[in-house]
Amino acid sequence: MDQIMIRVEDLKKEYKLGQIGGTTLRDELQRKFAKMRGKEDPTKKIGAKDYTAGETFMALNGVSFEVKNGERLGIIGHNGAGKSTLLKLLSRITAPTEGRILLNGRIASMLEVGTGFHPELTGRENIYMNGAILGMSKAEIDSKIEKIIEFSECRQFIDTPVKRYSSGMYVKLAFSVAAHLDSEIIIMDEVLAVGDMAFQNKCLAKMKQAAEEDGRTVLYVSHNMNTIRQLCERCIVLSKGKIIFDGDVEEAISAYSNTNVDSVTSYINLEDCARPENTSATAFMHSLEFLDSDEAIFSRDNAIRLKLNWTAKTDLKGVYFRMILRNMLNSPVGLIQSELIGDFSNGETQDTVFEFDPKLLADGRYHLSIALYQKGSLGNSMALDHVTKACSFQVISKESELADTLNWTHTWWGSVMFPQMRIIKQED
Amino acid sequence: MSDNNGFKTVIDSKHKLFDLHIKETLGYKDLIMLTVKKDFTAKYKQTVLGPAWAVIQPLLTTFVFTFIFGSLAKLPIADADGSFVVPGFLFYMSGNICWSYFSTTLQHVSNTFIANRATMGKVYYPRLVSPVATALSNLISFGIQFALFFVIWLFYIIKGGTSLAITPMILMVPLTIIQMMLLAIGCGIVISSLTTKYRDLAMLVSFGLNLWHYGTPIAYGLKLVPEKYLWFYMFNPMTPVITTFRNGMFGFGYFNSGYYLISWAITLAIFFVGLILFSRIERNFMDTV
C-alpha cells in the first residue's frame, strides 16, 4: 500500500539579511516614533536603505515534493542550498514563510544527536529524557529500554552520568534512542558522521530495515555520498533553495557534482588567486585547464591531462612543475612532480601540457596546490610561482567498479587506493 | 481544516490566533514529568545538603527580615486593624516562600526560549512544556518550604498564646498557590516571548522583580498602606495573593472579595495574553533568538 507520508507544497522560507532581531527596544521605539512623525529612521546607517525594507534571502524558494511510506529519500546539496532549512521546517522548529507541509504520522527528527541530554543524568535517565523529547511516552520507552541499551553497546555504563562518557558512547546512546522511535517518519541530518565505522554501518542498516520492514519513511541529509548511496533509493538535489533534481541516486549525485560550478570547472583562472608572501614571482601562472572534460571529474583509469599557461618573468634555468594533492579533510595525499620542463628566457609565455595518472586515488575530491619551481643544489625546491589553493578535481568510480570496491572513508583509510590484491592460490 | 486530504498534521505558514497547543502540550505529560524530575535531580547533584538548600534560602531571608524589618524598622506585621498576635517569624516566612516561588518561577520561565535554545533548535515538542515544567519543578521546592512553614505553624498553633486559628479561609490557600503559579507563568511567557527579540527585557526582569517585591506586602503588613491608596495598591495581583494566603493560614487578616476577584481577572488576562503571544512567537523564534 502506497501512502503519501509527506507532501510539501510550494514551500518558502525567507530570512532577513543583516541584523535579525539584534535591535534593542529603544531602537525600535525610536524608529516607530520617527515613522509616526514622518521623519527619517534615526537608527539606520547613513545612506542605507530603509530598515523595514531590509534585504531578504530566500533559503527555500518554492520546494514541492512527496514522499511515500517505506521510501528512503536522500537530500543533498551544497552548503547554503537549503537542506537544513528544509529539515527545520519539516521538524517544526521554525515555521514556513509561505506554502505548507502535510504530514501523515509522527516525525522523529535527529538534527543532532543527544538533544536534551543532560550531563548530570545517567545513561538510563537520559534515554527517558531524550525519548520523551522525541515524543515517546514513558510506557513506550519502558517497553523498549532493553533493546535501546543493547543497540547502544553501552550496557556497562548505563547507570553512569553521561558526562563521564566518551563522545563515541554518547553518540551511540543517543542514536539508539532515536532509532527505536516508533514514528512513521525519520529525519536525519548527518548524525552518522560521528561514531566509528562499525556503528555507522549498523545505524544505516537499522534505518534501511526500518524502511523496508516497517514501512517507515526515512529522510536523510548528508554530504557523504557513500552513505547516501548505501541508504537511499531516491534523492533530491537542492541548489539555491530549489529542487534541481529528484530521482535516482546515482543521477542525483552526478547532478549534485555538476552544481559545483566554481570549484570543479575544467578551466581555472589563476591570476587573482592568493599566493604565499614569500613567492619570488620570477614566473607567473595565468591559467590551468583540465583537458578532455568539461568538468574536472575523472575516473581513475584514464590519465588526466592539464594545460598550464604561464610566463617567465626573468631568465630561468631548470624549471619544474609540481602539485600537492590534498583531500577534502585538507590532509596532504601526495606530491606529483613533473619532468624537467626546460630553460626559459624573460617574457616567454608557454602553454605546457602535463599528464598524470590518478590510478591510486580513491573516490573523492582533491584540492591542488600548484607551483613552478627550480631545484636547489641541496635537493630543495625554490618556488618561482606558487598558488596554494588553485583548484580541485574529483575522482569517481565507474559504475562497473562499484560492485567490488568499498565506499571510501578518507578519515580512516587515507586517500590512496592500491591496486586490488590478486588471488594466487586458494585451498580448502 | 477541510483541505488537508486526510493528512494528520499540517504545518502551515499561517497562524491562527487561538491555536494555543494546549491539548498537544498535555499529550507530552511524560516529558513534563521527566523534565521536572531532571530539573530537580540536576539541581542538587553533587551538593552535600541536596534539597535542604530549598529550605536554607528562605529561612535565612526570613531571619534577616525578622531582624531588619521587625526588630529594627518595626514595620507593622498585620494586614488589617485589630489586636492580633502573630509570631513575626511566621509572618515573614509566609510572604517569603510565596514570593520566592513566584519570583524564581517568573525568572526561569522568562528565560525559557534562551535557556532551551539548543534543544528547541533541534527538535520539536510543544514549547509550552518548558514553562509548565519549570513552574512545577519550582513547586517542589515550594512544597518543601511550605512543609517547613507548616511545621512551625503547627508548633505555634499547639503552643497557643497567639491569635492563630484554623478557619474556613484555609481552603483558599491551594487557590492562592494556583493563582501564583498562573501569574508567574503568565508574566514569564509574556517576557520570554518578547525577549526573543528584545534582550533588554531580560535585564529588566530581576530589577523589576525587586521593585515588585517592595510593592507587595511581604516585608511589611498591608496595614502600612494608607487607606486612600489601597485601591491602587490592590491592582498588584500579587497583593491579594499574599494577603489571602496569610489570612488562610493565620485565620485573620485582610480579605476583600472584590479585590481578590480583580486579581484573578488580571492573572487570567495576563496568562491568556501570554499564551497567545507565546504560541505566536514559538513558530519563528529560532530565527530571531
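Convention: sequence-line order gives letters A, B, ...; per-chain numbering from 1. Note that the structure is predicted; figures quoted are calculated from it, not measured.
Atom NZ of A:Lys68 has 12 or fewer heavy atoms from other residues, nucleotides or ligands within 6.0 Å.
If you measure heavy-atom distances from A:Ile107 to chain B, you find no contacts under 4.5 Å at all. Looking at A:Ser137, both its backbone and its side chain come within 4.5 Å of chain B, counting heavy atoms on both sides.
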Exercise for review: List the steps and the verdict of ring-ring contact (aromatic ring centres under 6.0 Å, His included) for A:Phe175 and A:Tyr170.
Suggested key: CA-CA 9 Å; A:Phe175 185 85; A:Tyr170 193 89; over 10 Å; no
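Salt bridge annotation for A:Arg106-A:Glu140: present, with a cationic side-chain nitrogen under 4.0 angstrom from a carboxylate oxygen.
Chain A forms the most heavy-atom pairs under 4.5 Å with one residue out of B:Lys29, B:Met33, B:Arg127, B:Glu282, and that residue is B:Arg127. Each of A:Lys138, A:Glu120, A:Met129 has some count of heavy-atom pairs under 4.5 Å with chain B, and the biggest count is that of A:Met129. Chain B forms more heavy-atom pairs under 4.5 Å with one residue of A:Thr97, A:Thr94, A:Asn126, A:Leu134 than with any other, namely A:Thr94.
The two residues A:Leu11 and A:Pro96 come nearest to each other via the heavy atoms CD1-CB, 3.6 Å.
Both cation-pi conditions hold for A:Lys13 and A:Tyr15: the charged atom is under 6.0 angstrom from the six-membered ring centre and inside a 45 degree cone around its axis.
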